[in-house]
Amino acid sequence: QVQLVESGGGLVQPGGSLRLSCAASGLTFSSYVMSWYRQAPGKERELVGVTSTDGNTIYASFVKGRFTISKDNIKKTVYLQMNSLKPEDTAVYYCNARNSPLNLWGKGTLVTVSS
């Protein structure tokens with residue numbers, strides 16, 4: 001069964017850190033472009049960052065050096081390390097795997113940044 005399962009979300013204080021994980025199964029992980037998206041309440045889903053099959057990564061401008069995407073092809077897992085979190089980072093974070101024409105989504109994990 002092909003699936004993406006995110007984990008690691010939760011409640012964190014402003015300035016804190018979280019690491020999200022996205023475990024993939026049922027697919028040739030190394031052949032997929034892996035991305036993190038997020039969707040805040042009442043807003044459109046937006047790209048956080050994307051890492052290509054060769055490991056090149058780009059980030060949305062709002063990340064500003066606070067977030068890092070990494071992946072482990074053996075564990076078939078992609079990570080999102082988030083530091084210096086702000087209340088405006090509160091959102092459901094989604095993992096995406098793309099290998100055209102396949103475009104897969106996880107169910108998301110909620111991150112709440114609040115004091």
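Please read all numbers here as calculations on a predicted model, not as lab measurements.
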Between Asp72 and Phe29, does a side chain to side chain contact (heavy atoms under 4.5 Å, CB included) hold up when you go through it step by step? CA-CA 9 Å; Asp72 185 327; Phe29 181 77; over 6 Å; no
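- The closest donor-acceptor contact from the side chain of Glu6 to the backbone of Cys22 lies at 3.5 Å or more, if one exists at all.
- Cluster annotation: Leu80 and Val50 are assigned to distinct hydrophobic clusters (Ile/Leu/Val/Met/Phe/Trp/Tyr, side-chain heavy-atom contacts under 4.5 Å, transitive).
- Leu102 and Leu27 end up in the same hydrophobic cluster when Ile, Leu, Val, Met, Phe, Trp and Tyr side chains are linked at under 4.5 Å.
- Between Leu47 and Ala60, the shortest heavy-atom distance links the atoms O-CB, 3.3 Å.
- In the hydrophobic clustering of this structure, Ile69 does not group with Ile74; members are Ile, Leu, Val, Met, Phe, Trp, Tyr whose side-chain heavy atoms approach within less than 4.5 Å, directly or through other members.
- When all heavy atoms are compared, the tightest approach of Pro14 to Ser114 is CD-C, 3.6 Å.
- The line from OG of Ser35 to CD1 of Ile58 is 8.0 Å long, rounded to the nearest 0.5 Å.
- A pairwise comparison of heavy atoms in Gln39 and Lys43 identifies NE2-O, 3.1 Å as the closest pair.
- Both Trp36 and Val63 belong to a single network of hydrophobic side chains, linked directly or stepwise wherever heavy atoms of I, L, V, M, F, W or Y lie under 4.5 Å apart.
- Tracing side-chain contacts under 4.5 Å through hydrophobic residues (I, L, V, M, F, W, Y), one reaches Leu18 starting from Phe62; they form part of the same cluster.
- Between Met34 and Ala97, the shortest heavy-atom distance links the atoms SD-CB, 3.5 Å.
- The heavy-atom pair separating Leu104 from Leu4 by the smallest distance is O-CD1, 3.5 Å.
- Pairs of residues two or more places apart, or lying in two chains, that qualify as side-chain hydrogen bond (donor to acceptor under 3.5 Å, both in side chains) and include a residue from residues 88-111 are Arg38-Asp89, Arg38-Tyr93, Arg66-Asp89, Asn96-Asn103.
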Show, in sequence, the C-alpha distance, side-chain angles and deciding distance for Gln81 and Ser17, and conclude whether the side chain to side chain contact (heavy atoms under 4.5 Å, CB included) test is met. CA-CA 7 Å; Gln81 176 67 44; Ser17 297; 4.0 Å; yes
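- Distance check: Lys71 NZ to Ser21 OG gives 15.0 Å after rounding to the nearest 0.5 Å.
- Here the CZ-CG distance, from Phe67 to Leu20, works out to 8.5 Å after rounding to the nearest 0.5 Å.
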Kindly indicate, with the supporting measurements, whether the criterion side chain to side chain contact (heavy atoms under 4.5 Å, CB included) is fulfilled by Tyr37 and Val92. CA-CA 8 Å; Tyr37 286 76; Val92 177; over 6 Å; no
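- Lys76 contributes no side-chain N or O that, together with a main-chain N or O of Thr28, makes up a donor-acceptor pair within less than 3.5 Å.
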